[in-house]
Amino acid sequence: MLPTVNINAILFDIERYALEDGPGIRSVVFFKGCNLRCLWCQNPESQDGNPQILYSRNECIACGRCAEICPVDAIRDVPDFGYVTDHSVCTVCGKCVDACYTGARKIVGRSMDIDSIMEEILKDRDFYRESGGGVTFSGGEPLLQDAVVSALALRCREQGIHTALETAGFVSRSVLDKIVPLIDLIYFDLKHIDSGEHRKFTGVPIEPILENLKAVSASAARLIVRIPLIPHVNDDNKTISRMFEFLKKECAGPEVEILPFHRLGLGKYEGLGRSYSMAATLNLGKADCEPFAELGRAMGLVVRTGAGGV
């Protein structure tokens with residue numbers, strides 16, 4: 001029996017019956033907080049590590065009750081966005097959420113202790129067993145809350161539950177050295193290969209990520225590198241070829257998934273009162289990824305298009 005550890009995490013969701021975040025039927029634990037600012041991020045509510053108010057304009061009837069009841073005057077009717085919240089002022093008291101007639105406002109982000117998270121995970125233990133599924137730790141960047149991930153991974157191991165982790169890898173080596181041995185499957189994002197371009201589009205340099213990816217490739221039980229294919233960012237043969245060359249030479253050729261860009265996060269940006277710089281960018285599909293996948297296969301890599309249970 002493992003020692004009792006019951007620290008708190010900040011999550012923005014626990015998704016049940018997920019099929020695209022690892023093999024089988026899975027529960028995905030979404031941690032709030034990220035140290036990258038990818039221009040195409042589909043979960044902008046995951047970036048800030050604190051609870052926030054998310055607003056849905058489509059459900060709003062513009063009654064203005066939320067603005068009237070807010071004790072710190074944090075809500076304004078903003079053209080193009082609606083009744084959005086100034087998060088620098090908001091105390092997340094929840095009064096506007098309670099007052100909303102249509103459910104157009106909700107608090108995104110909640111504190112949960114490890115016992116409570118495990119209680120949710122264990123509800124679907126039979127599905128994991130029957131489907132070869134398990135639990136995936138995602139975000140945001142889950143490794144910013146590494147103590148929680150570590151404790152949950154240990155408890156899952158004790159219960160015989162398969163674990164997967166989705167990370168962008170911009171964390172200290174000591175965190176990876178602690179977590180990677182506890183995880184059955186690592187999904188590691190690789191978004192670009194040029195440091196200047198990577199910093200321009202994500203806010204951070206690529207060098208620490210590449211060094212961490214090399215280390216993970218040498219120690220992970222199973223590693224899948226995920227490349228999001230983003231128009232005007234990395235969707236050219238030269239960039240993708242350089243990424244494949246790095247993976248083949250420095251990481252011994254791990255499995256690769258190429259994921260097509262989509263704008264599913266657009267409404268969330270609006271709900272946070274933020275502009276989405278890629279709002280006019282056209283969605284991609286798996287067919288758009290296939291030529292790049294063929295390029296990788298020709299180089300001797302195992303490359304798939306689109307996320308899925310594997």
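The shown structure was predicted, so the numbers you read here are calculated from the model rather than taken from an experiment. Heavy-atom basis, side chains included; hydrogens, waters and symmetry copies ignored.
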(Q) One thing to verify: whether Asp98 and Lys95 come together as a salt bridge, which I'm taking to mean a side-chain N less than 4.0 angstrom from a carboxylate O. (A) no

Q: Using side-chain contact (heavy atoms from CB on, under 4.5 Å) as the criterion, list what pairs up with Ala168, not counting sequence neighbours.
A: Leu36, Glu141, Lys191

Q: Can you sort out the partners of Asp194 under side-chain contact (heavy atoms from CB on, under 4.5 Å), two or more places apart, ordered by chain and number?
A: His192, Glu197, Arg242

Q. Do Glu45 and Lys106 sit within salt-bridge range, that is, some charged N less than 4.0 Å from a carboxylate O?
A. no

Q: Answer yes when Lys123 and Glu120 have at least one side-chain N-carboxylate O distance shorter than 4.0 Å, and no when they do not.
A: yes

Q.
With side chain to side chain contact (heavy atoms under 4.5 Å, CB included) as the criterion, how do Leu190 and Leu247 come out once you've worked through the C-alpha distance, each side chain's angles and the decisive distance to 0.1 Å?
A. CA-CA 10 Å; Leu190 183 60; Leu247 294 176; 4.1 Å; yes

Q. Does the side chain of Ser138 pick up a donor-acceptor pair with the side chain of Thr136 at under 3.5 Å?
A. no

Q. Regarding Gln145 and Lys32, is there a side-chain donor-to-acceptor distance under 3.5 Å anywhere?
A. no

Q: Determine, stepwise, if the pair Val225 / Cys251 fulfils side chain to side chain contact (heavy atoms under 4.5 Å, CB included).
A: CA-CA 10 Å; Val225 175; Cys251 303; over 6 Å; no

Q | OG on Ser111 to CG on Asp113, rounded to 0.5 Å | A | 7.5 Å

Q: May I ask you to check whether Asn234 and Thr239 show a side-chain donor-acceptor distance below 3.5 Å?
A: no

Q: Apply side chain to side chain contact (heavy atoms under 4.5 Å, CB included) to Cys38 and Phe201, showing your working.
A: CA-CA 6 Å; Cys38 304; Phe201 293 118; over 6 Å; no

Q: Verify whether one side chain among Thr85 and Arg105 offers a donor that lies under 3.5 Å from an acceptor in the other.
A: yes

Q) Any idea which heavy atoms bring His162 and Pro23 closest together, and the distance? A) CE1-CG, 4.0 Å

(Q) Between Ser116 and Met112 (side chain of the first, backbone of the second, donor and acceptor by atom type, cut-off under 3.5 Å), is there such a pair? (A) no

**Q.** Lys/Arg-Asp/Glu bridge criterion (N-O < 4.0 Å) met for Glu158, Arg155
**A.** no

Q | Ionic contact status for Glu255 with Arg222, cut-off 4.0 Å | A | yes

Q. With a 4.0 Å cut-off, would you call Asp124 and Arg16 a salt bridge?
A. yes

Q) side chain to side chain contact (heavy atoms under 4.5 Å, CB included) between Val29 and Asp13: does it pass, once the steps are laid out? A) CA-CA 6 Å; Val29 181; Asp13 197 10; over 6 Å; no

Q. Aromatic rings Phe31 and Phe137: how do their planes relate, parallel, tilted or perpendicular, breaks at 30° and 60°?
A. perpendicular

Q.
Between Ser174 and Asp177, do the side chains contain a donor N or O and an acceptor N or O under 3.5 Å apart?
A. no

**Q.** Heavy-atom donor-acceptor pair, Asn212 side chain to Gly169 backbone, under 3.5 Å
**A.** yes

Q) Does the side chain of Asp86 pick up a donor-acceptor pair with the side chain of Ser88 at under 3.5 Å? A) yes

Q | Approximate separation, where rounding is to 0.5 Å, of Ile25 CD1 and Ser131 OG | A | 4.0 Å

**Q.** Any donor-acceptor N or O pair under 3.5 Å, side chains Thr102, Glu59
**A.** no

